[in-house]
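If you're wondering where the values come from, they're calculated on a predicted model, not measured in any experiment.
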Amino acid sequence: QLAAARMGFRLYLAGSEDFLWSATRVAFEVGMSLDEIQSEHCGSSARTVYCVHCKCFTRGVTTNIVVCVACAKTLGVRDHYSRRLAAYMGVQIDAEAPGALPAVEAVYV
């Protein structure tokens, strides 16, 4: 339906961050611009984390450290967000000193 929308169409979105950016990406694919999209975050601040090592997504992350669902590496959840992937970057946190991990904190509730 977005592809058939006429000039002047506006898209209003409300939901989780994961939903907002996924829906925005779909809108971009049919030619909408960011000026035509208005969004409101509501609900949980849980993040979707993209593992830069195995290219898999872990959803619903509420802590600063998470174990990748695919490769089992312990990832630090970075604040870097990719609109293209609709996810935050996760990088192996103990790559230089295996097993040396900071405290796990619930920060995205």
Side-chain angles (χ1 to χ4, degrees):
Q1 289 181 344
L2 282 176
R6 297 174 185 244
M7 188 167 75
F9 180 80
R10 299 288 186 256
L11 180 62
Y12 299 96
L13 303 168
S16 68
E17 189 170 40
D18 187 39
F19 166 76
L20 294 177
W21 286 110
S22 295
T24 299
R25 187 179 65 235
V26 170
F28 287 162
E29 289 172 1
V30 297
M32 292 187 76
S33 71
L34 200 51
D35 293 335
E36 299 169 308
I37 303 166
Q38 194 169 32
S39 59
E40 179 72 27
H41 178 263
C42 54
S44 171
S45 294
R47 294 180 166 189
T48 296
V49 177
Y50 175 77
C51 178
V52 301
H53 307 286
C54 73
K55 303 185 180 3
C56 190
F57 294 91
T58 302
R59 300 190 188 284
V61 176
T62 58
T63 55
N64 61 330
I65 298 172
V66 65
V67 175
C68 177
V69 296
C71 69
K73 291 185 192 265
T74 305
L75 306 175
V77 180
R78 307 217 22 203
D79 286 330
H80 176 77
Y81 185 80
S82 167
R83 288 183 182 180
R84 182 179 64 84
L85 298 170
Y88 289 88
M89 300 297 100
V91 180
Q92 185 175 358
I93 199 159
D94 62 345
E96 294 179 6
L101 301 172
V104 176
E105 300 175 31
V107 290
Y108 316 113
V109 182

Q: Decide whether a cation-pi geometry holds between Arg10 and Tyr12; the criteria are a distance under 6.0 Å from NZ or CZ to the six-membered ring centre and an angle within 45° of the ring axis.
A: no
Glu29 atom CD: more than 12 heavy-atom contacts under 6.0 Å: yes
Are any of the side-chain heavy atoms of Leu34 and Arg83 separated by less than 4.5 Å?
yes
One should read off an interatomic distance between Ser39 OG and Trp21 CH2, to the nearest 0.5 angstrom, of 6.5 Å
* Asked: Is there side-chain contact between Tyr81 and Arg47, with heavy atoms separated by less than 4.5 Å?
  -> no
- Message: Side-chain heavy atoms nearer than 4.5 Å, only ILVMFWY residues, links allowed to pass through others: does that put Val104 and Val61 together?
- Response: no
### Query
Please walk me through it: do Val30 and Gln1 pass side chain to side chain contact (heavy atoms under 4.5 Å, CB included)?
CA-CA 10 Å; Val30 297; Gln1 289 181 344; over 6 Å; no
When every non-hydrogen atom of Ser44 is compared with those of Val109, the smallest separation belongs to OG-C, 4.0 Å
Check your understanding: For atom CD of Glu36, is the number of surrounding heavy atoms from other residues, nucleotides or ligands below 6.0 Å larger than 12?
Key -> yes
Is any side-chain heavy atom of Thr58 closer than 4.5 Å to one of Cys51? no
Between Pro102 and Ile65, the two heavy atoms sitting closest are O-CD1, 3.4 Å
Closest heavy-atom pair, Ala86 versus Arg25, reported as atoms and distance to 0.1 Å, is CB-NH1, 3.5 Å
Distance col, row Met32:CE vs Leu2:CG, nearest 0.5 angstrom, shows 6.0 Å
Worksheet item: Quick check: does any side chain N or O of His53 sit under 3.5 Å from a backbone N or O of Gln92, one acting as donor and the other as acceptor?
Response: yes
Answer yes or no: is there a donor N or O on one side and an acceptor on the other, between the side chain of Asp18 and the main chain of Gly60, under 3.5 Å?
no
Residues Asn64 and Ala103: closest non-hydrogen pair is ND2-O, 3.3 Å
Test item: Asp94 side-chain N/O and Leu101 main-chain N/O as donor-acceptor pair under 3.5 Å = no
Inset, instruction - Please answer: with hydrophobic residues joined when any side-chain heavy atoms are less than 4.5 Å apart, are Leu20 and Ile37 in the same cluster? - result: yes
> Side chain of Thr63, backbone of Val66: donor and acceptor closer than 3.5 Å?
Replying inline: no
On a heavy-atom basis, the closest approach of Cys56 and Cys68 is CB-SG, 4.5 Å
request  = Show your working on side chain to side chain contact (heavy atoms under 4.5 Å, CB included) between Tyr88 and His80 and close with a plain yes or no.
outcome  = CA-CA 6 Å; Tyr88 289 88; His80 176 77; over 6 Å; no
Discussion item. Grouping I, L, V, M, F, W and Y whenever their side-chain heavy atoms are under 4.5 Å apart, do Val69 and Val49 come out in a common cluster?
Written reply: no
(Q) Is there a path of hydrophobic side-chain contacts, each under 4.5 Å between heavy atoms, that joins Val52 and Leu85? (A) yes
Q: State whether a side-chain donor-acceptor pair under 3.5 Å links Glu17 with Tyr108.
A: no
Any non-hydrogen side-chain atom of Ile93 less than 4.5 Å from a side-chain atom of Leu75?
no
